[in-house]
Q: 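To start, I am sharing the structure in question, which I have written as structure tokens.
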Amino acid sequence: TPLYSSAASDVYKRQDVYYRMKDYTKSVASYNNGLKIAQEHLIIPKVTDLNSKIAQAYGSQGNKIKANDYFKNSLIYALLK
């Protein structure tokens, strides 16, 4: 529905703000909340994107192992599109 899409878009923008502010802990938490919802509702393009964004946030924190894990997840879901 348009209302849901608008609300989801607002939340998504806020997630990116945390990342741009370099508050990676809040960024990862927020992206993970969105990821959980996207997975529950099988919104594969969003699952792919959020895995990638979480990977970027972990990479920015220097956590290369977690970053690689989330990038791998993103690639797997990208193949499911």
Side-chain angles (χ1 to χ4, degrees):
T1 64
L3 180 60
Y4 173 78
S5 295
S6 176
S9 179
D10 289 345
V11 169
Y12 199 63
K13 288 175 188 173
R14 271 183 275 164
Q15 293 169 335
D16 288 336
V17 169
Y18 290 134
Y19 182 81
R20 282 190 229 117
M21 291 174 56
K22 299 183 181 185
D23 189 339
Y24 302 120
T25 301
K26 282 186 181 178
S27 177
V28 168
S30 185
Y31 287 142
N32 270 316
N33 287 337
L35 179 60
K36 181 179 175 184
I37 293 167
Q39 288 172 326
E40 288 173 2
H41 296 280
L42 302 175
I43 307 168
I44 300 302
K46 200 55 81 177
V47 172
T48 302
D49 189 44
L50 287 166
N51 270 290
S52 181
K53 287 179 180 271
I54 293 168
Q56 289 175 327
Y58 277 126
S60 294
Q61 289 177 313
N63 191 335
K64 304 301 182 195
I65 293 171
K66 280 196 174 188
N68 283 335
D69 289 342
Y70 279 93
F71 274 129
K72 287 177 190 174
N73 288 343
S74 182
L75 290 172
I76 290 166
Y77 280 101
L79 294 172
L80 296 176
K81 284 185 184 180

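What you are looking at is a predicted structure, and each value in this text was computed from that prediction instead of being measured. What's counted below: heavy atoms across the whole structure, side chains too, no hydrogens, waters or symmetry copies.
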Q: Out of curiosity, Leu35 CG to Ser30 OG, how far, rounded to the nearest 0.5 Å?
A: 11.0 Å
Q: Would you give the length of the straight line joining atom OG1 of Thr48 to atom CD1 of Ile43, rounded to the nearest 0.5 angstrom?
A: 11.5 Å
Q: Taking C-beta and beyond as the side chain, do Val17 and Arg20 meet within less than 4.5 Å on heavy atoms?
A: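 Yes; the side chains approach each other to less than 4.5 Å.
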Q: Could you pull out the closest heavy-atom pair between Ala38 and Leu50, with the gap in Å?
A: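 Minimum heavy-atom separation between Ala38 and Leu50: CB-CD1, 4.4 Å.
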Q: Side chains of Tyr70 and Ser52, heavy atoms from C-beta outward: is any pair under 4.5 Å?
A: no
Q: Hey, are the side chains of Lys53 and Asp16 touching, using non-hydrogen atoms and a 4.5 Å cut-off?
A: yes
Q: Could you give the distance from OH (Tyr58) to NZ (Lys66), rounded to the nearest 0.5 Å?
A: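 Rounded to the nearest 0.5 Å, the OH-NZ separation comes to 3.5 Å.
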Q: Return the CG to CG distance between Asn32 and Asn51, rounded to the nearest 0.5 Å.
A: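 One finds 8.5 Å between CG of Asn32 and CG of Asn51.
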Q: To the nearest 0.5 Å, how far apart are NE2 in His41 and NZ in Lys36?
A: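 Going from the NE2 atom of His41 to the NZ atom of Lys36 covers 10.5 Å.
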Q: Membership question, hydrophobic clusters at under 4.5 Å side-chain separation (ILVMFWY): are Leu80 and Ile54 in the same one?
A: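 Ile54 and Leu80: one cluster.
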Q: Starting at CD1 of Ile44, measure out to CD of Gln39 and round the result to the nearest 0.5 Å.
A: 8.5 Å
Q: Say whether, by atom type as modelled, one donor and one acceptor occur between the side chain of Lys64 and the main chain of Gly59 under 3.5 angstrom.
A: yes
Q: Does any donor atom in the side chain of Tyr19 or Ser60 lie under 3.5 Å from an acceptor atom in the other side chain?
A: yes
Q: Taking the side chain as every heavy atom from C-beta outward, state whether Leu75 and Phe71 have any atom pair closer than 4.5 Å.
A: no
